[in-house]
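In what follows, chains carry the letters A, B, and so on, assigned in the order in which the sequence lines appear, proteins first and then strands, with residues in each chain numbered from 1. Hydrogens, waters and symmetry mates are skipped; everything else that's a heavy atom, side chains included, is used.
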Amino acid sequence: MITRTKYNPKEIEAKWQKHWEEQQLYHAPDDSPKPRFYNLVMLPYPSGDLHMGHWYNYAQADAYGRFKRMNGFNVMQPMGFDAFGLPAENAAIKHGIQAHTWTLANIVKMREQLKMMGAAWDWEREIISCLPDYYKWSQWLFLQFYKHGLAYRTKAPANWCPSCNTTLANEQVLANGTCERCGTTVIRKEIDQWLLRITKYAEELLDFSQIEWPEKTVTMQHNWIGRSEGAEIRFSIEVEGQTEQIPVFTTRPDTIYGVTFFVLAPEHPFVAKITTPQQRAEVEAYIDQARRETEIERMNAEKEKTGVFTGSYVTNPINGEQVPVWIADYVLMGYGAGAIMGVPAHDQRDFEFARNFGIPIVEVIRPEDEEPTDPATWHGAKLAYGMMVNSGPFNGTPGEEAKTAVIKYIEEKGVGQATVTYRLRDWLISRQRYWGAPIPVVYCDTHGMVPVPEDQLPVILPEHVEFKSTGESPLRYEPDFVNTTCPTCGGPATREADTMDTFICSSWYFLRYADPKNAEQAWSQEAMRRWLPVDQYIGGAEHAVMHLLYARFFIKALRDMGHMNFNEPFTRLFHQGIVLGPDGQKMSKSRGNVVAPDEYVTKYGADTVRGYMMFIGPFDQGGTFKSENLAGVWRFLTRFWDLIGENWVENPNSAETPASQAVERLRHKTIKRVTEEISNLRFNTALAALMECNNALIKLQSEEVAHSAAFQRTLENMLQLLAPLAPHIAEELWQQTGHTGSIHTTEWPQYNEEKTRDENFTLVVQVNGKVRERIDVAADISEQNARILALGNERVASFIGDATVQKVIYVPGKLINIVVRK
RNA sequence: GGGGCGGUGGUGAAAUGGUAGACACAGGGGACUUAAAAUCCCCAGGCUGAACAAGCCGUGAGGGUUCGAGUCCCUCCCGCCCUACCA
C-alpha cells in the first residue's frame with residue numbers, strides 16, 4: 001500500500017520540474033544510439049506573456065514529443081525566442097525603455113512561464129535571435145546569399161509615410177491606407193532596398209512531393225507562387241523615328257486578333273517616352289494620382305476601371321493593326337511585363353475598360369456550336385476556349401491548339417515566345433528600423449558598396465539608441481555605429497543603417513538548434529546530418545506563405561551552396577487550431593477576452609490545464625475556452641490519483657479469473673486506443689480512452705479483482721499512457737508506486753491485438769437496415785448460428801411478419817441484416 | 001470573384017460504409033452535510049405514451065448509390081478562414 005494523500009498539483013509539479021531540470025532529463029544528447037526525432041514547434045515572440053494559444057500549441061506538441069521518446073527515439077525538442085521585431089521598438093518609443101532591456105526581461109518571464117507547463121524543452125539548446133551569437137550567423141547567411149548572387153540591392157517601391165518620413169511594413173498600413181502612427185495617407189515610394197532572389201527557386205518551390213503537409217498549405221503556397229503559362233509577345237512602336245519593342249505577357253495568345261487597345265502600367269518606363277505633348281498633362285496627373293493610392297485601394301477589383309490615352313499607337317505583330325496605347329492602374333508594373341494587350345471580348349477587366357472608354361470589342365473565339373452575336377449586346381467577356389474566328393489565316397483553329405499555333409507563329413516571326421510567369425516576387429528584406437539584425441554592408445566613397453568580411457562579424461547592434469521623432473531608423477543617428485572604415489581601403493565609410501526582416505532570423509533557427517553553441521560556424525555538417533530535416537513541425541496556419549515558404553527557400557539555396565544535403569526543412573507539418581475567448585471571438589486585448597493561463601495553473605495545476613487544452617477538441621480545430629470545462633479533466637486526474645492511492649498493492653494475486661481476464665482485455669484495448677490516437681495527434685480521444693478505462697476500474701475497485709495482477713498492471717500502464725499528457729502526476733504516482741527512475745524514460749506499453757478481442761459481442765439484428773434486436777453472442781459465432789439466432793428471435797420474427805426473406809447480410813463481429821419483401 | 005474548412009443533443013464533441021451521440025461540461029433527481037462547497041450514485045436527442053411497454057422521427061436542405069449513409073456522389077442553403085484587377 002502507498003501512503004494515501006490528496007492530489008496536490010502545486011506541490012508535486014514544482015517538485016518534479018525542479019528534479020527534471022537537475023537531472024537534465026530532456027536534453028537530447030548528440031551521441032545517442034537511438035534513432036533521432038526532431039520535434040519542433042514554431043518559436044514564440046517574447047511579448048512577455050505566455051497565453052492560452054501557446055499552451056494549446058505547446059502542450060500537445062510536448063505530449064507528442066514525450067510519446068516519441070517513450071517509443072525509443074532520441075527526441076530533440078528545443079525552444080527559443082524570435083526576439084527581433086516591432087513591438088520592442090514601439091515599447092521603446094512609447095515607454096522610453098530600451099528594446100534590448102524590454103526584450104530580455106520578457107524572455108526571463110516567458111521562460112519561467114514555459115517551465116511551468118512542465119514541457120520537455122531542451123533548454124541546453126535555447127536560441128535568442130536578438131543576441132550577437134545568433135544574429136552573427138544571420139548576417140553570415142546574408143553574406144552567403146550575397147556571394148552567390150541571391151541578395152541584391154535595387155530601388156523598389158515601398159509604403160512611405162510622408163509625415164513620418166519613413167517606409168512602413170505592409171502590416172503597419174491600416175486597411176484605409178493610412179499610417180498606423182500618424183494617420184497620414186501612405187504613398188508608394190521608390191527607395192533603395194535589399195532583396196533576396198527567391199524567384200530563382202519558384203519552380204522548385206512548387207514541388208511538394210518530398211513533404212507531408214496539409215493540402216491547404218500546399219495549395220496556398222502554390223497559389224502564392226502563381227505559375228502561369230503563356231507567351232511574351234512584343235508589340236512595336238515608333239519613338240522619335242526609331243522602332244522600339246514593348247513586350248506583354250498573356251495567357252491567351254489565341255485571342256491576339258481581338259486586341260483593340262494596349263495598356264501600360266502607370267510606372268512603366270515607356271510612358272514618358274511615348275506620351276504625346278497634347279496628352280502629357282493628363283497622363284502626368286493620372287500617374288500622380290495612382291502613386292498616391294495605396295496598394296490596397298489600387299487592388300480593389302470592385303473599383304471602376306480608369307485610365308488615360310497616351311496619344312500613341314502600337315502595332316499588333318500578327319496583323320499589323322495599329323491600336324491605341326493607354327495607361328491604367330489595373331495593370332501592375334510588378335507582374336508579367338507591366339503591359340498588356342487589351343482583348344475586351346475575352347478578358348473581363350479589358351471588357352470593363354473598353355466599355356468605359358468606348359473602345360471596340362471584337363469577338364475572336366467562339367464555341368463551335370454557337371451562333372455569332374453582337375459584342376455590343378454582351379454583359380461581360382467570354383472567357384471560354386473555343387474556335388478562332390475573325391483571325392485571318394487562323395480561322396477555325398480549335399481550343400488549346402489555337403494557343404500553340406499562335407505561339408509557333410510568333411516564335412517563327414521572332415516577335416515573341418512561350419513563357420512562364422510567376423506571381424511570386426523577390427523578397428524585400430530591408431527594414432528602416434532599429435530592432436533587427438544589421439545588414440552587414442558598408443558604403444565607401446572609393447569602393448562603393450562593400451560587404452563586411454566574414455571575420456569581422458557580427459556587426460553589433462547598439463543596445464542603447466536614441467529615438468528621435470524623425471521616424472527614421474535610430475541607427476542613422478548613431479555615429480559610433482554608422483561611421484566606420486572601408487574593409488577594402490581602410491578609408492572612411494558608412495554602415496548600412498537598415499536592418500533585416502525578422503523573417504530572416506526565423507528562416508534558419510531550426511538549423512541552429514542542432515548546433516546551438518558552435519562559435520566557429522552557424523552549424524557543423526555533422527549536426528546537420530544528425531538532426532535535420534525536422535521530423536515534425538507544429539505551428540500556426542497564418543505562416544503558410546511567409547515563414548514556411550522562406551524557410552523552404554533558405555534550405556534550397558543553402559543546399560545549392562553546399563551547406564545542406566537535403567531539400568526540404570520540414571518533413572511533416574501540422575497546423576494547430578486557434579483557441580477563442582469565452583465569448584467565441586478571437587482573443588485580443590482590445591476585446592478584453594484574453595484568458596491568462598496562470599490563474600488556472602494556480603487553481604488546478606499544469607497537468608489539468610494541459611489536459612483541458614487537449615480535451616477541447618481535435619488539435620487542428622481549436623475551440624472556445626470555457627473555464628468550467630477544466631473541471632472535467634481535474635475530476636479525472638483526481639479520481640485516478642485516488643484510484644491508485646486506494647488500490648495499489650505490492651503483492652497482487654496472479655491467479656487468472658474471468659474477471660481478471662476482462663481487466664486484461666481492457667488493458668490491451670486501452671493501450672491500443674491511446675497509442676493510435678496519440679500517433680495521429682488526436683489527444684482529445686486519447687484522453688477520452690483513458691477516462692473510460694479509469695471509470696471502468698473505479699467500478700471494479702471494491703471487488704476482488706482489484707487485487708489481481710491484471711488490475712495492477714493496468715494501473716501501471718495507465719500511468720505510462722498518461723505520462724505524455726499529464727507528466728507531473730504520472731511521475732509522482734510512478735514514484736509512489738515504488739518505481740525507480742523517471743516514468744518518462746520508460747518504454748511505451750505494448751499491446752497484443754489478439755488480447756484486445758472480447759469473448760462476446762452484441763450482435764445487432766437489422767430488418768431492412770433498421771435495428772430491431774440486439775443479442776449477446778460468443779465472439780466466434782458462425783454465420784450459420786447467427787442466422788438461426790436472428791431468424792428464430794421473436795421480436796425479429798414479428799418485424800418480418802409474412803414477408804419473404806430475400807437475402808441475409810452477415811458482418812462478422814457486428815451485425816446481421818435480414819432483407820425482406822412483402 | 002477564386003480557394004479552403006466546417007454544419008451531429010442545451011454545450012464541447014465521438015463514430016475503418018455497419019448499434020449515431022463514446023468521453024466530458026452544463027442541467028435535473030438523490031446521498032452525505034446544521035448549511036454550502038467538494039465528493040459519490042442515478043437520469044438525460046426529439047415526439048407519442050402513465051410507462052424503466054412499444055413505436056415513430058432524428059447528423060443544415062433535397063436527390064442518388066448501397067442490404068445498410070453522419071460517413072461516398074450530385075444540387076442547393078448557411079457559417080468561418082484565407083486570397084483577390086496576376087493579364
Side-chain angles (χ1 to χ4, degrees), chain A residues 214-220 222-224 226-228 230-231 248-252 255 263 265 296 298-303 305 328-332 334-343 346-350 352-353 421-425 541-542 544-545 577-578 580 584 586 611-612 615-618 620-636 638-639 642 673 676 682 684-695 698 761-774 795 798 806-820:
Chain A
E215 200 52 46
K216 178 176 125 188
T217 309
V218 169
T219 307
M220 277 172 82
H222 198 271
N223 293 343
W224 185 262
R227 184 181 197 272
S228 294
V248 299
F249 174 74
T250 179
T251 53
R252 293 296 300 271
T255 65
V263 189
I296 292 152
R298 192 167 155 179
M299 289 202 174
N300 181 2
E302 308 291 304
K303 207 181 84 171
K305 294 282 175 291
D329 65 4
Y330 81 91
V331 176
L332 308 172
Y335 183 76
I340 59 149
M341 55 182 216
V343 186
H346 305 291
D347 181 280
Q348 184 58 26
R349 294 150 302 179
D350 296 349
E352 288 165 23
F353 190 80
T421 298
Y422 301 91
R423 207 188 82 113
L424 184 71
R425 321 283 170 82
E542 68 275 16
V545 288
I578 297 166
L580 305 173
K586 210 168 182 173
Y612 169 61
F615 202 58
I616 260 180
D620 57 356
Q621 266 176 44
T624 306
F625 180 88
K626 294 235 171 91
S627 57
E628 63 267 29
N629 290 350
L630 282 153
V633 178
W634 165 258
R635 282 177 202 142
F636 160 63
T638 310
R639 279 195 280 246
D642 292 340
R673 277 180 68 190
E676 287 175 355
R682 290 195 300 245
N684 56 329
T685 41
L687 203 44
L690 288 169
M691 286 174 173
E692 277 184 62
C693 185
N694 193 44
N695 293 344
I698 285 170
F761 75 97
T762 307
L763 177 71
V764 170
V765 185
Q766 299 182 333
V767 177
N768 282 348
K770 286 195 177 183
V771 178
R772 294 304 183 187
E773 185 60 302
R774 296 176 170 98
R795 271 175 56 81
S798 76
Q806 298 283 306
K807 63 172 157 177
V808 177
I809 312 276
Y810 178 64
V811 183
K814 292 258 192 241
L815 58 74
I816 187 160
N817 187 10
I818 300 158
V819 185
V820 302

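For A/K305 and A/Y330, the positive end sits near the middle of the six-membered ring, less than 6.0 Å away and at most 45° from its axis.
For A/R639, no side-chain nitrogen or oxygen approaches OP1 or OP2 of B/rU39 to under 4.0 Å. An OP1 or OP2 oxygen of B/rG18 is reached within less than 4.0 angstrom by no side-chain nitrogen or oxygen of A/N817. Regarding contacts with the backbone of B/rC86, a side-chain N or O of A/R349 is found under 4.0 angstrom from either OP1 or OP2. For A/R252, no side-chain nitrogen or oxygen approaches OP1 or OP2 of B/rA87 to under 4.0 Å. For A/S228, a side-chain nitrogen or oxygen approaches OP1 or OP2 of B/rA87 to under 4.0 Å. Taking 4.0 angstrom as the limit, A/K626 places none of its side-chain polar atoms (N or O) nearer than this to OP1 or OP2 of B/rC25.
As the counterpart of B/rU71, no nucleotide is assigned, since no Watson-Crick or G-U wobble pattern has both distances under 3.5 Å. Remark: B/rA35 base-pairs with no nucleotide; criterion is Watson-Crick or G-U wobble with both hydrogen-bond distances under 3.5 Å. Shown here, B/rA53 forms no base pair; nothing in the strands shown gives a Watson-Crick or G-U wobble contact with both key distances under 3.5 Å. The base-pairing partner of B/rC40, taking Watson-Crick or G-U wobble contacts with both distances under 3.5 Å, is B/rG30. When both distances must be under 3.5 Å, the Watson-Crick or G-U wobble mate of B/rG6 is B/rC78. Base-pair partner of B/rU19: not found among the strands shown (Watson-Crick or G-U wobble, both distances under 3.5 Å).
With C1' as the reference atom, B/rA20 and B/rG3 are 32 Å apart, rounded to whole Å. Atom P of B/rG46 sits at a distance of 28 Å from the matching atom of B/rG79, rounded to the whole Å. Here, B/rU8 and B/rG12 have their P atoms 7 Å apart, quoted to the whole Å. When the P atom is used for both B/rG18 and B/rC80, the distance is 33 Å, rounded to whole Å. B/rC52 and B/rC43 have their C1' atoms separated by 11 Å, given to the nearest Å. Taking atom C1' in both B/rA13 and B/rG6, one finds a spacing of 14 Å when rounded to whole Å. B/rU16 and B/rA24 are spaced 24 Å apart, taking the C1' atom of each and rounding to whole Å.
Nucleic acid contact for A/R673: none, since no nucleic acid atom lies under 4.0 Å from a heavy atom of the residue. Within the nucleic acid shown, A/I616 comes within 4.0 Å of sugar-phosphate atoms alone, with no base atom in reach, counting heavy atoms only. Nucleic acid contact class of A/R682 (heavy atoms, under 4.0 Å, all strands): none. Among the atoms of the strands shown, base atoms are found under 4.0 Å from some heavy atom of A/Q766. Among the protein residues, A/R795 comes within range of the sugar-phosphate backbone only, with heavy atoms under 4.0 Å from sugar or phosphate atoms but none that close to a base. Base engagement by A/V811 is indicated by at least one non-hydrogen atom pair under 4.0 Å involving a base atom.
Looking at the side chain of A/N684, the nearest of the listed nucleotides B/rC67, B/rA87, B/rA14 is B/rA14. Nearest to the side chain of A/T762, among B/rA87, B/rA26, B/rU19, sits B/rU19. Checked against B/rC23, B/rC67, B/rC86, the side chain of A/Y335 finds its nearest nucleotide in B/rC86. Nearest nucleotide to the side chain of A/E692, out of B/rC85, B/rC23, B/rC86: B/rC23. In the set B/rA14, B/rC67, B/rC85, the nucleotide with an atom closest to the side chain of A/Y330 is B/rC85.
Between the CZ atom of A/R635 and the C1' atom of B/rC25 there is a distance of 8 Å, given to the nearest Å. Going from atom CD of A/Q348 over to atom P of B/rG1 covers 12 Å, rounded to whole Å.
Residues A/L690 and A/F636 are in side-chain contact: their nearest non-hydrogen atoms beyond the backbone lie under 4.5 Å apart. Two residues are said to be in side-chain contact when any heavy atoms from C-beta on lie closer than 4.5 Å; A/L424 and A/W224 meet this criterion. Residues A/T255 and A/H346 have side chains in contact (heavy-atom distance under 4.5 Å, counting atoms from C-beta outward). You'll find the side chain of A/I816 stays beyond 4.5 Å of the side chain of A/Q766, heavy atoms only.
Side-chain atoms of A/K305 and base atoms of B/rC85 include a donor and an acceptor less than 3.5 Å apart. Residue A/N629 places no side-chain atom within donor-acceptor reach of the base of B/rC25, judged by atom type and a 3.5 Å distance cut-off alone.
Residues A/R682 and A/E676 are not paired through a salt bridge, judged by the lack of any N-O separation under 4.0 Å between the basic side chain and the carboxylate.
Across all their heavy atoms, A/Y612 and A/N629 have their closest contact at CE1-CB, 3.4 Å.
Between the side chain of A/N684 and the backbone N or O of A/F615, no donor-acceptor pair lies under 3.5 Å.
Taking the O4'-C1'-N9-C4 or O4'-C1'-N1-C2 dihedral as appropriate, B/rG9 has a value within 90° of 0 and is therefore syn.
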